[in-house]
Amino acid sequence: MNFRVRLFFILLILGCADSVFAQQDNDPIIEEIIESVVANQTDDYDYTELVERLNYYKKNKINLNKTNKEQLQELVFLNPLQINAIFEHIVTNGKLISDLELQSIRGLDLEAIRNLLYFADISAPTGFENFSFKKLFTDGENDLLIRYSRYLEKQKGFSIPASSGKSRYLGTPERVFTRYRFSFSNNIQFSLNLEKDAGEKYWNNTNDQTGPDFLSSSLYVKDIKRLKKIALGDYSLQFGQGLTLWSGLGFGKGADIFAVAKQNLGLKPYTSVNEFSYFRGAATQINFGRFDFTPFISYNKLDAGVALNPLTNLEDISSLQQSGLHRTENELKNRRRVGQLVFGGNVQYNYQKLSLGLTAYHSKYEQNFAPGNALYNKFDFSGNQLTNVGFNYSYTLNNTYFFGEVAHSLNYGFAYINGLITSLSPIVSAVLFHRNYQKDYYSFYNQGIGESSTAVNEKGFYAGVQIKPNRKFGIDFYTDLFKFPWLKFGVDAPSSGYDILGQFNYTPNKTTRFTLRYQFQNKQKNAPEKLFTNILDFEKKSNYRAEVQYQVNSIFSLRNRLEIVQYNQESTTTKFGFLAYQDVNYSPLSSRWSGNMRFTLFDTDGFDTRIYTYENDVLYGFSIPGFQNQGIKFYTNVRYNVKRGVDLWVKYSYTKFNGVITVGSGLDEIQGNNRSEAKVQLRVQF
Amino acid sequence: MTKFYLSLLCVFLHLEIKAQENYGPKITALGTAGVAIQDVWSASKNQAGIALLTKPTISAGYENRFGLKELSNKSAVFTLPLKNYTVGAIFNSYGIDAYNEIKTGISLAKAFGPKLLIGIGLNYHQLSITNYGNANTASIEVGLQYNVLPKLWLASHIANPNQSKYSDDAEQVIPAHIQFGGTYIFSDQLMITTEFEKVLDREADFKTGLEYKVVKFVALRGGISVNPFKQYAGFGVHYQKINIDFAVASHPVLGYSPQISLGYEF
């Protein structure tokens with residue numbers, strides 16, 4: 001405690017010291033973009049890839065006169081109609097000569113232009129224009145980053161003696177992440193990620209496992225004649241609307257209503273530390289005029305739990321594990337347990353505003369998937385191989401963008417989605433889509449949009465409207481109706497529900513922004529009290545959010561948020577959750593120091609009313625913790641620019657819970673009522 | 001499980017058949033958010049909305065609720081602009097021979113200057129249930145619409161404020177409600193309308209709808225209401241003097257209710 005109190009004060013002093021603070025990377029624009037697309041927030045998903053991508057383009061701006069559709073799609077905040085409008089403008093009026101010209105493009109509002117110019121301009125250098133191997137080493141950029149973080153209190157999993165024979169954490173309590181990037185212009189990228197989570201060992205050498213806990217590497221080359229892309233090592237593939245094949249980063253329903261129409265990026269190197277949903281092998285994209293062909297092959301070992309099948313006396317896969325945690329004996333045993341071979345290809349036809357794609361791939365596992373025992377997983381996949389095919393399209397007609405995909409897992413079911421984005425007037429745009437995912441449609445790389453995270457066992461209809469009368473006001477509104485034709489975990493009957501979100505933004509000037517948001521969800525799930533059998537109750541959850549951000553002067557900016565959750569299940573009393581925070585951002589233009597801090601107060605009636613908020617972190621760091629019960633949290637985040645190309649970040653957070661004697665559960669449990677975390681990160685660019 | 005669904009269905013049906021108001025397919029397709037709309041069907045929704053109609057207009061509609069013939073609704077509206085006033089008439093028949101509700105009404109609307117419209121309606125309700133007998137009663141409605149900004153109309157409407165009913169022991173009520181809302185006309189092509197509604201003894205509802213004219217004579221419409229959650233869609237064709245409108249309402253549990261109307265402007 002003493003140590004923590006001291007650290008707290010040291011950081012506080014650092015934070016308040018009159019030393020001049022430096023350029024800040026907790027970029028409000030990037031933050032805003034991420035928060036608008038990150039919808040179904042979960043505690044542990046790593047969005048680093050997106051943060052990294054946006055930071056990359058912030059530094060290496062896209063040349064709008066030489067860009068392509070895919071590159072603009074990577075920016076995520078432009079909708080397909082806006083992207084088409086930019087290209088149409090260039091085709092009809094010739095190259096963009098001035099930034100101001102963007103304002104004359106239909107559908108590009110001022111906010112979109114502001115964001116676009118943050119990542120793009122009209123004359124940035126591109127490509128292999130002056131390539132030589134000598135230049136590769138002189139002009140290539142190296143980026144090495146090491147991050148270390150840990151809880152300062154001891155968690156239960158680390159204090160159980162080995163002799164007890166109980167499950168315990170075999171590794172050390174710190175999380176260590178090492179990231180290396182080499183890039184030459186936009187065309188050659190090499191990336192290496194090395195990570196161990198808290199509780200994992202630096203080097204595994206038990207259970208036939210040797211090596212670091214998570215190692216991922218990729219080499220990515222672009223634009224060598226017909227070969228538009230080559231990826232060796234770890235890569236991700238994203239096609240169509242995500243029903244057939246979509247690995248890695250994807251978004252769901254959120255405040256950005258246009259994000260529901262997925263913008264496929266095809267082949268990309270995999271640079272994230274999420275330890276699932278990526279491919280390991282080789283892939284390339286070859287261009288034949290209007291056709292693009294992307295063949296790929298991957299062999300990887302996946303984390304899986306297994307169960308003995310009494311009939312065959314063989315081990316079956318009972319579940320694929322996505323957490324990437326290998327801390328205990330059991331978790332280590334399941335680490336990289338099942339081999340998976342995936343191969344296939346995609347053909348894409350692009351002509352003017354029409355895009356058609358055909359995807360087919362086969363995946364084969366070394367073991368069978370266990371047939372489901374419970375009624376809700378009766379239609380789960382069993383067997384050890386699967387072939388998926390899918391057809392996707394998009395077409396722009398006047399002011400309307402049509403999109404859709406039909407997917408089929410051979411011998412099993414179908415899934416399809418059809419929708420449109422239309423700009424009804426310069427002020428009003430609308431999004432509509434319908435989906436039908438059958439209960440026996442399977443894809444191991446499925447991120448189709450819907451209420452569930454994968455496109456299976458769901459039907460629904462989504463309608464959204466965005467109104468932007470001028471640069472100051474904005475309204476986003478959507479409703480989504482969904483039905484689950486078959487049972488789900490914790491829902492013992494076919495069920496239905498709906499989701500409504502309304503958001504109002506007011507931006508009176510460049511540095512001030514007010515946001516009001518209301519979200520209501522009504523879903524069915526098993527009633528808490530069982531009679532003869534489980535019956536379904538409606539579970540209702542309302543979120544009210546108010547936020548204001550403003551700049552006090554050129555150095556300080558502040559932000560406040562207030563969020564209230566109201567939850568009730570028919571047969572129970574209403575529960576409430578409350579969260580408020582104060583952010584202080586300190587970022588002078590020319591100084592070696594910069595930083596921010598936040599004080600959060602939360603008071604919720606437990607898990608059902610937990611509240612998620614996005615938190616500032618060290619660069620590329622990303623966290624959306626969920627708050628439950630009562631307490632306070634304080635964190636401060638400091639960056640120091642040691643010298644050109646060398647930066648150091650420190651983050652310290654302290655959470656104190658009221659009325660508890662332990663924090664966390666299971667092996668993560670900490671004695672006492674508080675938890676603190678320290679994070680140090682060093683980046684060297686050379 | 002079947003029993004459970006059956007009982008669920010009954011509960012919902014009970015709630016749904018209690019609300020027999022029919023505003024025609026144009027307003028229905030907008031999520032029934034029609035308080036700030038000006039149309040011949042305003043005669044049954046918000047009487048103020050007929051004040052600016054310039055031609056005598058008649059329209060008749062048929063609704064098939066949840067695909068059940070027994071829950072069908074036949075309705076007709078008529079408006080006639082006079083010198084300083086516009087008068088309207090409505091007729092609405094709901095149910096079958098064994099159970100029938102009929103609402104007949106007349107309304108009067110006047111424009112006070114170009115911005116303020118006020119309308120009142122007087123209705124006569126008849127209820128007849130075979131083997132139970134008949135009952136009658138009357139109710140009044142008042143509405144206004146105000147053009148606050150060039151493109152923005154605000155409106156409110158009150159129905160049956162004195163809570164008249166068939167009799168003290170009849171369960172069938174004449175809903176007493178207050179509605180207010182607004183319509184914003186973005187362009188000749190696009191209009192968005194919203195409405196808050198509170199019916200006595202029911203939960204408050206919010207509705208919103210959008211109309212988009214693809215070409216001058218074809219309008220596409222969509223809307224939602226949140227409590228109960230329903231989605232609506234429809235289209236209208238306005239060709240010379242003829243108006244054909246179609247709407248379908250979708251309830252997550254009970255299913256679809258299509259309706260159609262045919263209108264003529266003299």
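All values reported here derive from a predicted model rather than from experimental measurement. The basis for the numbers below is simple: all heavy atoms, side chains too, and nothing from hydrogens, waters or symmetry mates. Here is the naming used below: chain letters follow the sequence lines, and residue numbers restart at 1 for every chain.
- Residues of residues 23-45 of chain B never come closer than 4.5 Å to chain A when only heavy atoms are counted.
- When heavy atoms are compared at a cutoff of 4.5 Å, A:Phe477 approaches chain B solely by way of its side chain, counted from C-beta outward.
- A:Leu481 touches chain B through backbone and side chain together, each having a heavy atom under 4.5 Å away.
- Residues A:Trp486 and A:Phe379 bring their aromatic ring centres within 6.0 Å.
- Interface remark: A:Ile500 contributes side-chain atoms only to the contact with chain B (heavy atom separation under 4.5 Å).
- Shown here are the ring pair (Phe, Tyr, Trp, His ring centres under 6.0 Å) partners of A:Tyr393, two or more places apart in sequence or in another chain: there are none.
- Not counting sequence neighbours, the partners of A:Tyr478 by the ring pair (Phe, Tyr, Trp, His ring centres under 6.0 Å) test are A:Tyr462.
- Here A:Phe414 and A:Tyr416 keep their ring centres 6.0 angstrom or further from each other.
- Donor-acceptor pairing under 3.5 Å is lacking for the side chains of B:Ser72 and B:Asn64.
- Ring orientation note: the planes of B:His251 and B:Phe66 are nearly perpendicular, at an angle over 60° on the 30°/60° scale.
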Could you list the donor-acceptor pairs under 3.5 angstrom formed between side-chain atoms of residues 210-220 of chain B and any protein atom two or more places apart in sequence or on another chain?
unit_1, atom_1, unit_2, atom_2, d
B:Glu211, OE2, B:Arg221, NE, 2.7
B:Glu211, OE2, B:Arg221, NH2, 3.3
B:Tyr212, OH, A:Asn399, ND2, 3.1

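- Relative ring orientation between A:Phe403 and A:Phe433 is described as tilted, the plane-to-plane angle lying within the 30° to 60° band.
- Residue A:Leu432: no heavy atom, backbone or side chain, is found under 4.5 Å from chain B.
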